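Heads up, the thing below is written out as structure tokens.
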Protein chains: 2
Amino acid sequence: MKWDDLKVFLAVARGESLSSAGQVLKMDPATVGRRIARLEERMQARLFDKSPQGYGLTEAGRKVVAHADAAEQAVIGALEETRGASNTLSGSIRIGAPDGVANYLLPQICAAICDENPGLEVQIVALPRVFNLSKREADMAITVSPPQTGRLTVQKLTDYHLHLAATRQYLDQHPPIHGRNDLAQHRLIGYIPDMIFDKELDYIDEVGEAAHAGLMSNSFSVQLNWARQGAGICIAHDFALPTYPDLVQILPDQVALTRSFYLIRHADDRRVERLNRMAETLASALRHEIVRLEALA
Amino acid sequence: MKWDDLKVFLAVARGESLSSAGQVLKMDPATVGRRIARLEERMQARLFDKSPQGYGLTEAGRKVVAHADAAEQAVIGALEETRGASNTLSGSIRIGAPDGVANYLLPQICAAICDENPGLEVQIVALPRVFNLSKREADMAITVSPPQTGRLTVQKLTDYHLHLAATRQYLDQHPPIHGRNDLAQHRLIGYIPDMIFDKELDYIDEVGEAAHAGLMSNSFSVQLNWARQGAGICIAHDFALPTYPDLVQILPDQVALTRSFYLIRHADDRRVERLNRMAETLASALRHEIVRLEALA
DNA sequence: AAAGCATTTTGCATTTTTGCAAAACTAGGG
DNA sequence: CCCTAGTTTTGCAAAAATGCAAAATGCTTT
């Protein structure tokens, strides 16, 4: 038994003809007629009196209308349900991001997007680990390396740069730095080695063999605050520096790292238009903001 | 929006996997998956969390289940409705027939059929005119000529024969009949000319120019009863004669008519299996009964 | 740590369904 | 009495959906 046939049955019952039903359903009258024939066969009953003047309900057909009506109401209900649900999705979108992005990029960007789209509610989830999109921890997430596994769609956002940074005050009070080797005499701030959740964050080796971190946190934000208070030298995203004018780049020509951001989403959400628009807006805004902030650094 | 997709949605929600849903729906899991994908696209919402461990309902999906359930109930209701209706159809089948058939053939046949099919109720409608099957005056009808118009299926049943007949007593008391010409001296019983509803019933010309009816009725049964009471000579179906042993055929070799019966039905009922079986049973029984009765005549 | 297992997902040949155009049909009007 | 107007119905080609087999995926067990 095909539920769809009940839908065309309803249309024919209301239009009292195949042609009018076809117009409503945007189907050929021939198709409508064939579906009705199939339905009557499956139900083992004549539902319509057919004539070149149209389709008139038979006694049995009249009884079926009530049920078909109920079915239609249920279908509409289901549709409304998800329309509401997808509203709350577009009304409340959750974005996961590493804490650097979450703290120094997303706040401004999301605020701007919310201003342009009234009724949109954005949630930022800052977590120092990989996301599990499948469990709806977030609708989309920003990562520093494209995921290798899982049914996800990945989209490269933009490159970004990192440099050594410290406060002017710190640099004044400590031995001068003219080259990489001078770093050995300083206190470096970095990630806790066994809590690094993405190999792309393992900067310290690239800075130089001599370098090793004395202050460590799993949170970039904590690292940056350490540096801001003159505790040492950290490896900071350029886009984070303008937030704290105290901080200055160190050896920008000799020590420079380049990484990339990726936006990942459920593969199944590919066709959800609202999320597509949101993703595109977000990507575009992130690219511009990074360019703007890096120019200020 | 395809209502059918809601059905497969329900199956997947219950089976919590494409494969189990496929088993229930007797469809390939691949198809089930594609339908779910299409449904999610149309609804603009993710309904399931997909994994190689199965399909799990998402929050939005859970809300939809209730509506899908309601839809299912409505569809089942519609199905039950017509199942009941088609039961009463097979429980009460209405057969239209000219009154000769209605009186001298159908009673025995229908009684036998009812004996074999307990719970079957047969209604015989004897009407001296053409039927209007479209208005559900009858589910099927027996006629003496195939209809030329209307959406009907026609099926030839069998030939039958008519002869002149009167009571022995009448013949003894009136001039002897040795040939067609002798009929002019007798009182013939026939149809009322302007109430003949089918040209096949216009026997009188075929009997002979000399013949003309003095007693007329639109009902064959009335004509026969006239003859049975010795009122004259009628043109009787052979299968009706055994009912009244008083009646004997007259000039069986010189005056004999052959006609045919046809069973007509709604073209739309072609696929209703119960009616098909009923029609086949009826046709077969009629053929046998006519052969049996004509042998006795 | 690696292989097994039940599941979903993809590529392709087949079947089914659909749309279009033309024919058939019946009631109402000139 | 015929003819028109609006239907439904049929024949055929194109499009869509389906099933099957193979590949991929992620948990579980050895």
Side-chain angles (χ1 to χ4, degrees), chain A residues 2-5 7-9 11-13 15-42 46-58 130 132-135 147-154 266-271, chain B residues 2-5 7-9 11-42 46-58 130 132-135 147-154 266-268 270-271:
Chain A
K2 292 211 172 193
W3 292 17
D4 256 351
D5 291 343
K7 182 167 81 174
V8 343
F9 164 81
V12 175
E16 291 181 340
S17 80
L18 296 188
S19 9
S20 104
Q23 233 167 346
V24 172
L25 298 170
K26 289 198 262 294
M27 297 190 338
D28 195 274
T31 307
V32 179
R34 284 182 279 236
R35 305 263 304 246
I36 293 295
R38 188 173 63 185
L39 181 67
E40 290 187 328
E41 185 176 352
R42 303 244 166 117
R46 276 184 48 249
L47 269 17
F48 292 101
D49 286 326
K50 294 131 187 171
S51 79
Q53 281 67 50
Y55 268 43
L57 275 171
T58 185
V130 219
N132 187 346
L133 285 187
S134 296
K135 293 189 180 161
Q148 299 306 324
T149 180
R151 299 185 29 71
L152 303 166
T153 58
V154 54
H266 289 279
D268 300 328
D269 287 347
R270 197 177 355 175
R271 317 219 184 237
Chain B
K2 291 212 172 196
W3 292 17
D4 256 350
D5 291 344
K7 182 167 82 173
V8 342
F9 164 80
V12 175
R14 286 175 179 155
E16 291 180 339
S17 80
L18 296 187
S19 10
S20 103
Q23 235 166 347
V24 172
L25 298 170
K26 287 200 265 292
M27 297 191 334
D28 196 274
T31 306
V32 179
R34 284 183 278 237
R35 306 264 301 248
I36 293 294
R38 187 174 64 185
L39 182 67
E40 290 186 327
E41 185 177 351
R42 302 246 166 114
R46 276 185 47 250
L47 269 17
F48 292 101
D49 286 326
K50 293 132 187 168
S51 80
Q53 280 67 51
Y55 268 43
L57 277 171
T58 183
V130 221
N132 188 344
L133 285 187
S134 296
K135 292 188 180 161
Q148 298 306 323
T149 180
R151 300 184 27 70
L152 303 167
T153 59
V154 54
H266 289 281
D268 300 327
R270 199 177 354 176
R271 316 221 187 236

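Here is how names work: the chains are called A, B, and so on, in the same order as the sequence lines, proteins then strands, and each is numbered from 1. In this text the structure is predicted, and so the values were computed from the model without any measurement.
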For this session: Give a yes/no on whether any side-chain N or O of A/Tyr55 is located under 4.0 angstrom from OP1 or OP2 of D/dG6.
Result: no
Exercise. Between C/dT8 atom P and B/Glu16 atom CD, what is the distance in whole Å?
Worked result: 11 Å
For this session: Report the distance from atom CD of B/Gln23 to atom C1' of D/dC20, rounded to the nearest whole Å.
Result: 16 Å
Problem set entry | For atom CG of B/Leu152 and atom P of D/dT9, their distance in whole Å | 13 Å
Exercise. What's the verdict on side chain to side chain contact (heavy atoms under 4.5 Å, CB included) for A/Thr58 and A/Phe48, showing C-alpha distance, side-chain angles and the deciding distance?
Worked result: CA-CA 5 Å; A/Thr58 185; A/Phe48 292 101; 5.9 Å; no
Seminar exercise, completed: Atom CG of A/Asp4 and atom C1' of D/dA17 are separated, to the nearest Å, by 13 Å
Problem set entry | D/dT8 phosphate, OP1 or OP2, under 4.0 Å from A/Ser19 side-chain N/O | yes
Exercise. Would one find more than 12 heavy atoms of other residues, nucleotides or ligands at under 6.0 Å from atom CD of B/Glu16?
Worked result: no
For this session: To the nearest 0.5 Å, tell me how far A/Glu40 CD sits from A/Lys50 NZ.
Result: 3.0 Å
Exercise. Going by heavy atoms closer than 4.0 Å, what residues in residues 24-39 of chain A are next to DNA chain D?
Worked result: A/Ala30, A/Arg34
Problem set entry | Worked verdict on A/Lys2 versus A/Arg35 for side chain to side chain contact (heavy atoms under 4.5 Å, CB included) | CA-CA 10 Å; A/Lys2 292 211 172 193; A/Arg35 305 263 304 246; 5.8 Å; no
For this session: Check step by step if side chain to side chain contact (heavy atoms under 4.5 Å, CB included) holds for B/Leu47 and B/Ile36.
Result: CA-CA 8 Å; B/Leu47 269 17; B/Ile36 293 294; 5.6 Å; no
Exercise. The side chain of B/Pro52 lies closest to which of these nucleotides: D/dT25, C/dT8, D/dT7?
Worked result: D/dT25
Exercise. Which of the following nucleotides, C/dT17, D/dT9, C/dT8, is nearest to the side chain of B/Leu18?
Worked result: C/dT8
For this session: Could you check if a side-chain atom of B/Trp3 sits within less than 4.5 angstrom of a side-chain atom of A/Val8, using non-hydrogen atoms only?
Result: no
Exercise. To the nearest 0.5 Å, how far apart are CZ in B/Arg42 and CG in B/Leu39?
Worked result: 8.5 Å
For this session: Verify the neighbour count for atom CD of B/Gln23: are there more than 12 heavy atoms of other residues, nucleotides or ligands below 6.0 Å?
Result: no
Heteroatom pairs (N/O) under 3.5 angstrom, protein to nucleotides 27-30 of chain D:
residue	atom	partner	partner atom	Å
D/dC27	O4'	B/Gln53	NE2	3.4

Exercise. At what distance, to the nearest 0.5 angstrom, does CG of B/Asp49 lie from NE2 of A/His266?
Worked result: 7.0 Å
For this session: Between A/Lys2 and A/Ser51, name the one whose nearest nucleotide on DNA chain D is closer to the 5' end.
Result: A/Ser51
Problem set entry | Length of the CG-P vector between A/Asp49 and C/dC25, whole Å | 19 Å
